[in-house]
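Note that ligands are numbered from 1 as they come in the structure, with each ligand's atoms numbered from 1 the same way.
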Amino acid sequence: MAPPVFRFAPSPNGLLHLGHAYSALLNFDRARETGGRLLLRIEDIDATRCRPEYETAIYDDLAWLGIAWETPVRRQSEHLAVYRAALEKLSALGLVYPAFESRAEIARLVTAREAAGPWPRDPDGAPLYPGDARSLSAGERDRLIASGVPYALRLDMAAACRRVAGLRWTELGVGPDGEHGTVPARPEAWGDVILARKETPTSYHLSVVVDDALQGISEVVRGQDLFHATSVHRLLQVLLDLPEPAYRHHALILDEAGRKLSKSDRSTGLRELRADGATPAGIRRLVGLG
Ligand code: GLU
C-alpha cells in the first residue's frame, strides 16, 4: 500500500505562531509514526496579503523546529490555471454564477435583510450572501460583464447540494462540539460561497480541494477552525470527482485570555519565542507535544 501523505499548508501572510507550530509538528509526527510523507504547501493565492519574506520565514521557522518536508514545495500562485480548470468544470455543471455586488453593497443588503428579521450566518459568523445575482437573466449578466463591473464567481449552493446525497467525512480528530467518526457534511450552512474573485481567480475552498487531490493527501491534519469548512470541501470533492481524504482536526492553541492566536500577536510568535531563547524542544512542550 502507498504510504500515507500529509501536508502542512500555511499562508505566507504573517509570521508563524505557536498554533502553526502545533499543526506542523502534528503533521510531522503523524508522517513519522505512519512511515508517511510530509508535504509543505504555500497557500499564497491572495497576492494582496502574501509576501515573500513571510514565505522565507516559514521555511526557516519550520526547519528550526526540526521539521523536514519534501521538495519541491507547491506554491499555489504558480498553479492558477489548474484551479481555473476546476472552476470551469463546476461552471459546465451550471453551478457557478457571477455576482456583481461590491463588499459595501453586500454589507448594505445584509443590514436591510437584518432589519426585517434575523439573517443567517455561516459557521464562521459571517452573514450568508444576501444578493440575488443568481436570478439575473443571461442578457443582464452579459451586459454587466461587458460593462466591466467587477464580479465574484459564486457557487449555487442549493443546486450543488441537489446533486449530492448523504455527504459525510471521516473525522479522526475532534470537532468543536466533540464530533468524531463519520460526520455529516452541511455545506448549505455556508450559502453561495465565493469560488473566485476578480483579483484572485480562485479561492481557498477551491484551491485546497484541488491541491489535496493533486498531491495525493490521504489525511488532512489541521486546526478545528477549519472543521466546518470541511463540509464545503467534501461537496467540491464530490462535484469535481476528487478522492476523499480523511480529516484530523486538532484543538487550537489559545492565548491566556482563551482567544485564538493571531499572526499579529507578538507574544506567541515563533520569532519572538526564539529571540527570547526558546528551544525547539521547549516549543514542543509549550504546545503539549513534549
Ligand atoms: N492555508 C490555511 C491557513 O493557513 C490552511 C489550509 C488548510 O489546512 O486546509 O489557515
Item to complete: Please check if the side chain of T111 supplies one atom and the backbone of A107 the other of a donor-acceptor pair under 3.5 Å.
Response: yes
- request: Ignoring hydrogens and angles, state whether a donor on the side chain of W190 or E188 is under 3.5 Å from an acceptor on the partner side chain.
  value: no
- Task: State whether the side chain of R234 and the backbone N or O of R168 hold a donor-acceptor pair below 3.5 Å, judged by distance alone.
- Result: yes
Query - Salt-bridge contact D211-R7 (side-chain N to carboxylate O under 4.0 Å) - result: no
Decide, yes or no, whether a salt bridge links D29 with R284 under the criterion of side-chain N to carboxylate O below 4.0 Å.
yes
Q.
Any carboxylate oxygen within less than 4.0 angstrom of a Lys/Arg side-chain nitrogen, looking at D212 and R222?
A. no
Heavy-atom contacts under 4.0 Å to ligand 1, chain-then-number order, include exactly R7, A9, P10, S11, E43, Y204, V208, R222, L226
